Amino acid sequence: MEAGALVIIFALLVLFSVLGLGAWATAKAVGAAKRGVDRTITQARRTVEDTTLKAKSLGQIGVTASLAQLRLDLRTSMRATQQALHDGVRSDPSLKESIGLFERLSAHGRELDDELRRLEQEPDRKRTAEMLPELRERAAKIKQSADSLRWAARERARRFSEDELSSLSEQIEVESGALRDWSREPVDDLAAAAAAWDAAQTPPGAAPGRDAQAEPGPAALNPSAPAPSYPWQKAPRPETTT
């Protein structure tokens, strides 16, 4: 009974684990789909707003056209800077600090954009026209800061690319010089290898390139020369016969 109870408990644990993983995967998939839909809706809304602003800036005159042009210029500059920084940080992590500064700048940009949007619906056009110089000045400061960040990021990326290209060109020049080194022809290399092989096969003392002389035979066939005698040696005694 105890073994059966353990098996049932284990099976339930496995079942609950599978169900939990399935629920987690489903929730994650739903969240990813929702984020995708939100991004699509946001992009569509931005496209519609930009198209509307272009139409107002071109099709109308006066305060309405000025407000629309300010919003359009501001949004275009901020969006281009955001794209440049987020693209650059993938290969240059040092841009994270620049992104932090841009987020602070974006808060001022969104505040100004909201104010310009409200003023588009303002019925008192005279009062709105009086505010235009100050609004243009604020928009110019934000746009100038965004443009500065964007161009600095692009110049930094271009400088890194130029440095890498210069280093790669130097390495290629060195390799190309090594490939063009014809000071030693292949025939010379083969001749040197053959001479080294012949030298290794020639016995010591023999002339290179000739057959080695025959080595002396055994002592019984080629008796050695008598040993030399010296003045201080005694003469050998003659043999006696009996």
Side-chain angles (χ1 to χ4, degrees), residues 24-58 63-122 127-171:
W24 175 79
T26 302
K28 189 173 183 180
V30 171
K34 184 178 182 299
R35 288 191 296 270
V37 172
D38 292 341
R39 285 195 297 268
T40 302
I41 294 175
T42 301
Q43 292 175 358
R45 184 184 296 113
R46 288 176 178 175
T47 302
V48 172
E49 289 181 354
D50 290 347
T51 303
T52 303
L53 291 175
K54 289 180 181 178
K56 288 182 178 180
S57 63
L58 297 176
V63 177
T64 302
S66 299
L67 293 174
Q69 189 63 49
L70 279 179
R71 289 188 64 196
L72 186 61
D73 293 343
L74 180 64
R75 292 160 65 93
T76 302
S77 177
M78 298 295 288
R79 189 175 301 133
T81 302
Q82 183 182 29
Q83 186 68 33
L85 292 177
H86 283 278
D87 289 344
V89 77
R90 298 174 184 174
S91 57
D92 187 4
S94 63
L95 291 178
K96 291 181 179 179
E97 184 177 355
S98 299
I99 291 179
L101 293 174
F102 176 75
E103 292 298 334
R104 294 170 57 187
L105 182 65
S106 296
H108 294 277
R110 287 190 295 268
E111 180 181 357
L112 178 58
D113 186 69
D114 292 340
E115 184 175 356
L116 293 173
R117 183 188 294 109
R118 289 192 299 268
L119 290 175
E120 287 178 352
Q121 308 299 325
E122 174 62 42
R127 180 68 180 271
T128 303
E130 294 175 354
M131 296 175 60
L132 276 177
E134 187 269 337
L135 294 172
R136 287 196 181 97
E137 184 178 356
R138 286 173 58 190
K141 288 181 179 179
I142 296 174
K143 184 176 178 296
Q144 181 180 2
S145 297
D147 293 345
S148 179
L149 280 175
R150 183 174 67 255
W151 284 108
R154 290 176 177 174
E155 290 174 3
R156 182 179 178 87
R158 184 169 62 252
R159 179 62 180 273
F160 283 165
S161 179
E162 291 175 354
D163 292 344
E164 183 179 0
L165 179 59
S166 299
S167 177
L168 180 59
S169 299
E170 292 176 359
Q171 295 177 11

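Remember, predicted model here, so these are calculated numbers, not experimental data.
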> With respect to His86, which candidate in Gln82, Arg90, Gln83 satisfies the side chain to side chain contact (heavy atoms under 4.5 Å, CB included) definition?
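Checked Gln82, Arg90, Gln83 against His86; only one passes side chain to side chain contact (heavy atoms under 4.5 Å, CB included): Gln82.
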> Grab the two heavy atoms, one from Leu74 and one from Leu112, that are nearest each other, plus how far apart they are.
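Taking every non-hydrogen atom into account, CD2-CD2, 3.9 Å.
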> Rounded to the nearest 0.5 Å, how far apart are CZ of Arg118 and OG1 of Thr128?
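Here the rounded value is 12.0 Å.
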> Should we count CD of Glu164 as having more than 12 external heavy atoms under 6.0 Å?
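Incorrect, the count does not exceed 12.
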> Can you measure from CD1 (Ile142) to CD (Gln144) and round to the nearest 0.5 angstrom?
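So the CD1 of Ile142 and the CD of Gln144 are separated by 11.5 Å.
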> Can you tell me if Ser161 uses its side chain to pair, donor with acceptor, with the backbone of Ala157 under 3.5 Å?
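Judged by distance alone, no pair lies under 3.5 Å.
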> Drop me the distance from Leu95's CG to Ile99's CD1, to the nearest 0.5 angstrom.
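Separation between the atoms: 6.5 Å.
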> Say you draw a straight line from CG of Asp114 to CZ of Arg71; how long is it, rounded to the nearest 0.5 Å?
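If I round to the nearest 0.5 Å, the distance is 8.0 Å.
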> As an exercise, state the distance from CZ of Arg138 to CD of Glu111, rounded to the nearest 0.5 Å.
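Rounded to the nearest 0.5 Å, the CZ-CD separation comes out at 5.5 Å.
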> What closest approach, in Å, do Leu116 and Leu70 show between heavy atoms, and which atom pair accounts for it?
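Heavy atoms only, the tightest pair is CD1-CB, 4.0 Å.
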> Measuring from atom OG of Ser166 to atom CD of Glu170, what distance do you get when rounded to the nearest 0.5 angstrom?
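These two atoms lie 6.5 Å from each other.
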> Taking everything shown except Glu115 itself, do over 12 heavy atoms lie less than 6.0 Å from its CD?
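Yes, CD of Glu115 has more than 12 neighbouring heavy atoms, counting only those of other groups under 6.0 Å.
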> Quick check: does any side chain N or O of Ser145 sit under 3.5 Å from a backbone N or O of Lys141, one acting as donor and the other as acceptor?
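Yes; at least one donor-acceptor contact below 3.5 Å.
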> Could you walk me through whether Glu122 and Val63 pass side-chain contact (heavy atoms from CB on, under 4.5 Å), step by step?
CA-CA 10 Å; Glu122 174 62 42; Val63 177; over 6 Å; no
> Between Arg159 and Asp163, is the closest basic N to carboxylate O distance under 4.0 Å?
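Looking at Asp163 and Arg159, the cut-off is met.
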> List the atom of Leu132, the atom of Ser66, and the distance in Å for their closest heavy-atom pair.
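The answer is CD1-CB, 4.0 Å.
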> Is any side-chain N of the basic residue among Asp113 and Arg110 closer than 4.0 Å to the acidic one's carboxylate O?
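Salt bridge absent between Asp113 and Arg110.
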> Show which side-chain atoms of residues 147-155 pair as donor or acceptor with protein atoms under 3.5 Å away, not counting sequence neighbours.
residue: Asp147; atom: OD1; partner: Ser77; partner atom: OG; Å: 2.7
residue: Asp147; atom: OD1; partner: Arg150; partner atom: NH1; Å: 3.0
residue: Asp147; atom: OD1; partner: Arg150; partner atom: NH2; Å: 2.8
residue: Asp147; atom: OD2; partner: Lys143; partner atom: NZ; Å: 3.2
residue: Arg150; atom: NH1; partner: Ser77; partner atom: O; Å: 3.3
residue: Arg150; atom: NH1; partner: Thr81; partner atom: OG1; Å: 2.8

